[in-house]
Colleague: 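One structure is given below, represented as structure tokens, and several questions about it will come after.
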Amino acid sequence: MPLQFRRDVCIAKYIGRLTNPIEAYRSEMSSIRYDTTSPGVVDLLHKYRTGETTPKEVVQEAYYEITKSDTNAWIAKRDEEDVIADAEALSETTIDEKPLYGIPFAIKDNIDFNELPTSAGCPGYTYRPEKTATVVQKLIDAGALLIGKTNMDQFATGLVGTRSPYGICKNVFNENYISGGSSSGSAIAVARGQVPFALGTDTAGSGRIPAALNGIVGLKPTRGVLSNNGVVPGCESLSCISIFARSVDDTEYVERIGAGFDPDDPYSRQSEDMFDVSLPDVDSIRVGVPQESDLEFFGNSEAEHLFEDTVTTISKLFGDIKRVDFSTFEEASDLLYNGPWVAERLTTVGEFIKTNPDDIDLTVRGIIRDGEMYSASDAFEAFHRLEELRKATAEIFENIDALIVPTLGTIYTIEGEQLNPIEINSELGYYTNFVNLIDLCAISIPTGKFDQGPTFSISVIDDAFDDMQIIEIADKIHTNISQPE
Amino acid sequence: MITMNIETLQRKYKRGEQTPEQTVETVFKRINTAETNIWISIRKKEAVLADIEHLSDLSEQPLYGIPFAIKDNIDYTELPTTAACPKYAYEPNQNATVVNKLLDAGALLIGKTNMDQFATGLVGTRSPYGICKNYHNEEYISGGSSSGSALAVARGEVAFALGTDTAGSGRVPAAFNSVVGLKPSRGMISTNGVLPACASLDCVSIFANSCREAIQIESITAGYDTNDPYSNQLASTTDLSIKSKQATDHVVGLPDSQYIEFFGDDEAARLYDEACRMIKQTFPKTQVVNFEPFIKTAELLYQGPWLAERLESVHEFVSNNAEAVHPVVKKILIDGKEYSAMEAFRGFHRLAELKQEASQVMEEIDALVTPTTGTAFTIEEVLEKPIERNSQLGYYTNYVNLLDLSAVAVPTGRFDSGAGFGVTVLGSKGSDAIVSAVGQHIRDMNEKEESKAVRQ
């Protein structure tokens with residue numbers, strides 16, 4: 001629930017309102033803590049302003065980084081010369097006019113860009129879009145430089161990163177482990193410092209799981225805030241464009257620029273008011289976590305300890321933590337893959353799967369075809385149940401300002417995942433599946449590290465349109481937690 | 001002659017000119033179920049009179065001593081709920097939330113009214129408790145599904161009545177019998193204790209003699225209810241008081257003629273033209289708007305997966321008791337089985353697109369005025385083609401709940417046959433008071449013209 005109080009640091013004022021927005025920004029946001037030697041969005045803008053580097057140099061570095069590592073993160077890249085030409089054209093404008101001046105970025109390959117094909121991770125499905133997706137166009141208009149399109153679980157069906165004919169995406173910290181998905185390539189490109197931010201999509205957790213495992217931030221905005229026009233959706237009524245970056249503030253910065261009502265997207269919503277809220281005083285924030293009996297780590301005691309450590313830190317920041325009944329969220333999660341929403345996936349790719357069954361990943365095909373089992377009557381029954389669950393969770397959110405959960409309860413090796421794909425996928429979604437169904441917003445931030453390498457992360461979750469509040473809370477936690485090595 | 005409307009009764013009680021007991025006596029004198037088929041069950045007069053003893057007084061109870069009826073798909077513990085299917089009948093162990101609110105406000109429940117079975121129909125002919133006939137001409141249909149509730153108000157048997165409205169059941173019978181039918185915004189009045197037709201779309205609706213009275217009933221019954229999953233907080237943030245002075249300031253939209261349809265009924269076309277002429281004279285700000293998204297949405301309701309939602313609540317009963325179900329209702333419900341979940345999602349996606357288009361239209365105006373029905377049918381005509389003619393009756397009503405609008409049906413004229421003709425004032429979600437104000441103004445102007453005509 002939104003509370004009333006002022007947030008001193010309101011990024012709105014950095015977008016074209018101050019004479020030197022980036023300086024002001026940096027002085028207030030003293031610690032951009034996410035890892036890597038590569039600069040984030042705001043860092044980079046600062047460097048351009050001081051003349052430390054130029055968009056052209058940054059683009060060249062990005063291509064060098066991409067070429068030198070073989071990560072399967074990319075499905076298609078623009079020609080370096082074209083991007084450099086775009087970078088050079090920026091010299092006619094200024095950072096004050098273009099809030100993403102010279103910032104390289106990547107998009108998941110289910111988002112349209114008119115110069116490159118869209119494959120959704122399926123070569124046979126590939127088409128040439130006539131138009132660029134609304135959000136991508138907004139970012140480009142703001143001066144961002146699109147590098148290319150990233151690998152993904154086919155048709156955004158999976159939370160694993162292994163279901164793509166363009167190759168398995170490996171965890172950046174340990175190649176034996178999964179990267180998570182479905183926005184695997186976008187997360188990896190950011191985690192490896194190839195681009196400061198990237199777009200993914202998120203239906204069941206695809207914008208959060210791969211962020212969580214690869215040490216970066218994943219913001220899943222409120223549904224309808226970023227237009228879905230030009231996106232091949234997982235589930236049209238649930239999917240959102242998501243944002244990967246190396247700091248919480250970078251995700252907010254990009255969300256503000258990408259947001260906006262779009263009459264071309266039937267699920268677009270008015271969100272202007274969302275960004276101009278005054279946010280709760282940190283001391284008054286009431287944080288909830290699932291009661292202990294509802295926590296699931298699937299036998300991974302290391303994850304359990306990592307979460308306990310995080311909860312300790314959070315309770316130091318926000319005082320008492322409320323333990324909430326998680327079973328309502330869990331039941332909603334179950335509806336997504338074990339209910340009629342699977343049939344929603346058929347509306348996008350059902351026809352293609354029927355005529356080209358051999359072009360589809362076996363697991364993906366199995367999941368989507370299960371949608372055929374459900375009747376309209378089943379669908380309505382599930383909607384009615386979901387409506388009841390929404391009412392119940394709304395009551396929980398009356399008493400807390402944010403729900404904090406592990407983003408995922410354990411980590412998996414690629415080998416293990418391949419042996420048991422469906423079961424592992426549903427374990428992966430335990431803390432993420434319910435978010436879009438219930439109409440919440442969420443942000444995943446790393447708070448620890450497994451011995452095997454992958455990061456442990458938590459998600460901060462709240463009601464629709466409380467994006468600024470979860471960002472504030474996540475930022476507070478993030479700047480106060482010792483950064484994973 | 002006792003006038004059975006809320007405002008008159010309130011005035012008389014206040015002045016001590018009449019008592020609730022006298023009102024109840026009149027109610028029971030007027031009820032003549034054998035001829036009208038209006039009621040499915042009626043409380044004993046003694047029980048109603050006993051209720052009066054427990055009333056406090058006028059100042060504390062805004063509906064002190066006001067008699068009302070409820071459609072028989074709304075629960076009241078003393079009477080069974082049948083939904084017009086005797087075999088389906090059950091004894092509810094709780095009152096519907098909305099009924100409790102009315103009783104708490106001092107209203108007197110008289111009984112439960114006839115309806116198209118399972119609220120499936122806009123005709124008033126699909127009930128084993130008998131066909132409801134038009135108030136003005138017995139050969140014509142009353143309209144449905146809330147047929148009995150509309151007739152009880154039209155005949156002055158009660159001062160107001162509750163119906164339900166999914167596809168137009170609270171508006172079509174209001175139009176044919178010349179009463180007001182208010183369909184509040186979805187989620188405003190709790191549907192807890194109401195047997196669903198389509199749970200995600202259903203609303204409790206209000207029949208009364210004026211829009212002013214109807215919105216008064218809404219303001220008393222509206223409110224968030226944790227027991228209704230589709231209830232929302234709108235009631236706590238919405239002003240439901242009519243500011244009648246400003247009614248003519250509202251921008252009134254009229255549909256472009258391309259999608260206006262009277263099914264060959266020239267008389268209906270003339271009646272609508274007359275209503276439009278009066279509206280243009282009265283409201284300085286009128287404008288013609290794109291009607292296409294509304295009509296395209298209407299097609300989704302009866303030709304799309306929402307039929308499956310109808311089946312959901314009575315699925316088991318219909319499967320096990322096929323013989324107990326009205327044949328036309330059965331056919332409609334069984335058709336719901338045909339749809340897959342994928343088709344349901346396709347329907348939702350299409351609806352989302354149309355909603356976006358319709359909301360762009362609604363942004364330009366405060367209220368949209370359309371005919372309530374494009375024509376009127378005799379009972380014989382409906383029995384001859386029950387499904388086709390039913391869907392024609394929904395042409396101007398089916399889209400309203402799908403698009404999440406509020407609406408009030410207001411009588412504006414009569415066919416030569418006698419059957420009522422009217423218009424519906426539509427507004428965006430939450431604009432219930434605006435549509436009521438505009439509707440009330442149309443009604444006032446209409447009555448002025450009528451009395452002028454009588455004097456001449």
Side-chain angles (χ1 to χ4, degrees), chain A residues 1 223-224 227-229 233-239 261-270 328 335 339-351 353-354 368-395 398 463, chain B residues 186-187 190-192 196-202 224-233 293 297 300 304-316 318-319 333-361 363:
Chain A
M1 297 295 290
R223 261 169 27 199
S227 168
N228 272 339
N229 176 248
C235 292
E236 193 174 328
S237 67
L238 299 178
S239 298
F261 179 76
D262 182 2
D264 291 333
D265 168 14
Y267 290 94
S268 181
R269 295 154 97 175
Q270 300 283 353
T328 319
L335 287 175
W341 274 271
V342 189
E344 190 170 19
R345 293 178 188 266
L346 282 171
T347 63
T348 316
V349 292
E351 209 57 40
I353 290 185
K354 227 175 239 168
I368 297 182
R369 293 207 78 158
D370 275 356
E372 291 168 6
M373 303 185 315
Y374 294 95
S375 70
S377 195
D378 296 331
F380 280 104
E381 197 177 323
F383 297 146
H384 298 162
R385 183 64 192 139
L386 176 61
E387 209 59 44
E388 287 168 7
L389 295 171
R390 279 185 181 149
K391 278 269 160 0
T393 56
E395 275 179 47
E398 291 281 319
D463 285 333
Chain B
R186 261 167 34 195
S190 168
T191 54
N192 175 246
C198 291
S200 68
L201 299 178
D202 298 333
Y224 181 70
D225 183 0
T226 48
N227 292 319
D228 168 14
Y230 288 93
S231 176
N232 62 44
Q233 299 282 3
T297 305
L300 282 177
W306 278 269
L307 284 175
E309 189 173 23
R310 269 182 199 272
L311 182 62
E312 198 221 322
S313 56
V314 290
H315 195 171
E316 240 189 65
V318 174
S319 305
L333 291 176
I334 299 293
D335 278 354
K337 281 190 186 167
E338 306 276 306
Y339 293 91
S340 70
M342 182 184 78
E343 287 167 306
F345 281 105
R346 284 230 169 97
F348 299 145
H349 298 162
R350 179 73 184 128
L351 176 60
E353 286 168 13
L354 291 165
K355 232 176 182 172
Q356 195 91 278
E357 289 172 29
S359 70
Q360 279 166 22
V361 173
E363 254 170 47

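Throughout, protein chains are lettered first and strands after them, A, B, ... in sequence-line order, and every chain is numbered starting at 1.
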Colleague: What residue, out of B/H315, B/M342, B/H349, B/K355, has the most heavy-atom pairs lying under 4.5 Å from chain A?
Modeller: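 The answer is B/H349.
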Colleague: Identify the heavy atoms of A/E395 and B/T226 that sit nearest to each other, and give their distance.
Modeller: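 The pair with the smallest heavy-atom distance is OE2-CG2, 3.7 Å.
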Colleague: Can you tell me how far the CD atom of B/E338 sits from the OG atom of A/S375, to the nearest 0.5 Å?
Modeller: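 So the gap between those two atoms works out to 11.5 Å.
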Colleague: Side chain, backbone, both or neither: which part of B/E343 has a heavy atom under 4.5 Å from chain A?
Modeller: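 Neither part.
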Colleague: Tell me, side chain or backbone of B/Q360 under 4.5 Å from chain A's heavy atoms, or both, or neither?
Modeller: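 The answer is the side chain of B/Q360.
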Colleague: With side chains defined as the heavy atoms from C-beta onward, is the minimum distance between B/S200 and A/E387 less than 4.5 Å?
Modeller: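 Of all side-chain heavy-atom pairs linking A/E387 with B/S200, none is under 4.5 Å.
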Colleague: Strictly under 6.0 Å, is that where the ring centroids of B/F345 and A/Y374 end up?
Modeller: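 No; A/Y374 has its ring centre 6.0 Å or more from that of B/F345.
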Colleague: With chain A as the partner, which of B/S359, B/S340, B/S231, B/C198 has the greatest number of non-hydrogen pairs under 4.5 Å?
Modeller: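 Greatest number of close heavy-atom pairs with chain A: B/S340.
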Colleague: Look at A/H384, A/E388, A/R345 and state which one has the largest set of heavy-atom pairs under 4.5 Å with chain B.
Modeller: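 Heavy-atom pair counts peak at A/H384.
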Colleague: Would you give the length of the straight line joining atom OG1 of A/T347 to atom CZ of B/R350, rounded to the nearest 0.5 angstrom?
Modeller: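 The CZ atom of B/R350 is 14.0 Å from OG1 of A/T347, to the nearest 0.5 Å.
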Colleague: What is the distance from atom CZ of A/F380 to atom OH of B/Y339, rounded to the nearest 0.5 Å?
Modeller: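 Going from the CZ atom of A/F380 to the OH atom of B/Y339 covers 10.5 Å.
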Colleague: Of all the heavy-atom pairs spanning B/A341 and A/A379, show the shortest one and how long it is.
Modeller: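 Of all heavy-atom pairs spanning B/A341 and A/A379, the closest is CB-CB, 4.2 Å.
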Colleague: Rounded at 0.5 Å granularity, tell me how far CD in B/E312 sits from CG in A/D378.
Modeller: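 Between atom CD of B/E312 and atom CG of A/D378 there are 9.0 Å.
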Colleague: Counting N and O atoms only, with roles assigned by atom type, does the side chain of B/Q356 sit under 3.5 Å from a partner on the main chain of A/D265, one being a donor and the other an acceptor?
Modeller: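 Answer holds: yes.
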Colleague: Nearest 0.5 angstrom please: B/S313 OG to A/E381 CD, how far?
Modeller: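 Taking OG in B/S313 and CD in A/E381, the distance rounds to 11.0 Å.
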